[in-house]
Amino acid sequence: MVGLRENIGIGARALGSLVSGRGRYLRALATMAEVLAVYGRQRARSQRALEDVHADAALRITRLCRRNGASWVKAAQFFSCRPDVLPPQYIDSLQTLQNAAQPVHFDLLKPVLAEALGADWTSRFSEFDLVPVATASIAQVHRARLITGEEVAVKIRLPEVARLFEQDSRIFRLLSRLLAPLVHELDVIQVTEQLLAMTAAELDLRNEAENLRRFARLPHPAGISVPVLHDDLSSESVMITGWVHGHRLREYLDGHPDEASRLLGTLFASYLQQVTRFGIYQADPHPGNFIVNDTGEITILDFGAIGRLTPEEVRHYSHLLYGLMGFAGEVDVGELFARAGFVGGNPETLRELSMYVLSDRLRDQHPLEAMQALLEKFREEKVRIPDSYIGISRVLITIGGFLMTYQVPFDWTPPELRARH
């Protein structure tokens, strides 16, 4: 209780330093109190199913994030991809905010463009569509044409988003301190800091520009490309790339189902290569971030969220993945999990879970279901999963969902073996 009182004192001082945005923070504290009360009532009334309590609490938190917007939506999207941390009811509820951003009126974006490109920013374009083609929690994208005649995509950071993030980061840290003594299965403070660091990096579009440059230098397989960056026109709040003609992946596949096997096979192979060989991967495989042109080439968009692995992580994860799939001969899969940084309370837990995976459907046409079940099993057994593995799993599960939707077989062949054929 002493630690909790100290955290409340620290949080109160942090909250007291906030002048603006008071309503948003009061809503957050009120929602937290409601959620704690919901779980408190569940303990007093054991007959109420815990699943119902999770669903009730998740709905309240989802409503809070939707109403507060900005960083709160970003946080919801982040945690909606953490089945190792949250029960399924939270995942299902928070996923409804994956596409919750509302378009921002262009008049509010003009000052951002003027600051980034100069007061005469309009002179750089011969055309500029005021209606956005996409809006997210941090930025909005417009289609335009440079005076050189080249069509471009103009990504503009939303006004006030940086200031709101600065404020929201304080309340997130406050909430994490309040929750830390109550949640023993998870390092709430560490996960919160991870979220804040990731969001802070995305706020500076220069980081995305560098991610794009680095990604463009990699030897991607045939059929995979990235947009061209206009360095001279990009800054902290604006990033301009060449416009990519074509159709979003899902729209294209719905019109060309016979192309599903080739296109999704290429995309899955690309992500395996990114994870197990490059050590850098596009970490937001949303269907709208893949454009298919008339020649059947896939362009990957949006590099605000990039996963990075150390050489050691690349080695361990590739051994783990291909050991599970049988490409590494006879191996102790439990030992591979341990070397990759998985930690369980029982020394036999990882080996038992490994056998659970191998006896399930990971070798069949449905590895997506096995991977999801494995993450849930890890959570139940309180196995600590490396953060980097969570990012990899989320990406592969998402891509795997595309393959299952269009009934495309999974091909886990390592990149170097593909090259030989």
Problem - Asn207 backbone acceptor or donor facing Asn211 side chain under 3.5 Å - result: yes
Handout entry: Ile224 vs Ile300 side-chain heavy atoms within contact, under 4.5 Å
Key = yes
Practice task
Specify whether Trp121 and Phe125 have parallel, tilted or perpendicular ring planes, treating 30° as the upper limit for parallel and 60° as the lower limit for perpendicular.
Solution key: perpendicular
Handout entry: Ion pair check, Glu166 and Arg163, cut-off under 4.0 Å
Key = no
Problem - Pro227 side chain reached by Leu212 side chain, heavy atoms, under 4.5 Å - result: yes
Exercise for the section: Measure the CG-CZ distance between Leu336 and Phe342 for me, rounded to the nearest 0.5 Å. Expected result: 10.5 Å
Exercise for the section: May I have the step-by-step check of side-chain hydrogen bond (donor to acceptor under 3.5 Å, both in side chains) for Tyr406 and Asp254, ending in yes or no? Expected result: CA-CA 9 Å; Tyr406 293 94; Asp254 288 343; 2.9 Å; yes
Handout entry: Charged N-O contact under 4.0 Å between Glu335 and Arg339
Key = yes
Handout entry: ring pair (Phe, Tyr, Trp, His ring centres under 6.0 Å) contacts in which one or both residues fall within residues 131-167, not counting sequence neighbours
Key = Phe106-His142, Phe128-His142
Practice task
Answer with yes or no whether the side chains of Gln89 and Ser93 bring together a donor and an acceptor at under 3.5 Å.
Solution key: no
Problem - Heavy-atom side-chain proximity of Leu301 to Thr299 below 4.5 angstrom - result: yes
Practice task
Determine whether Leu108 and Leu158 make a side-chain contact, defined as any pair of heavy atoms from C-beta on separated by less than 4.5 Å.
Solution key: no
Practice task
With sequence neighbours excluded, give me every side chain to side chain donor-acceptor pair (under 3.5 Å) pair touching residues 129-138.
Solution key: Thr135-Gln140
Practice task
For the pair Arg27 (side chain) and Asn68 (backbone), establish whether a donor and an acceptor sit closer than 3.5 Å, ignoring hydrogens and angles.
Solution key: no
Problem - Plane angle bin for His247 and Tyr252 - parallel if under 30°, tilted between 30 and 60°, otherwise perpendicular - result: tilted
Problem - By side-chain hydrogen bond (donor to acceptor under 3.5 Å, both in side chains) - contacts of Arg250 (at least two apart) - result: none
Handout entry: His220 and Phe215 aromatic ring geometry - parallel, tilted or perpendicular at 30°/60° bounds
Key = tilted
Handout entry: Beyond-backbone contact of Glu202 with Thr199, side-chain heavy atoms, under 4.5 angstrom
Key = no
Problem - Donor-acceptor contact present, side-chain Ser234 to main-chain His230, <3.5 Å - result: yes
Exercise for the section: Classify the side-chain pair Tyr271/Gln282 by whether it contains a donor and acceptor separated by less than 3.5 Å. Expected result: yes
Problem - Close side-chain approach of Phe402 and Leu263, heavy atoms under 4.5 Å - result: no
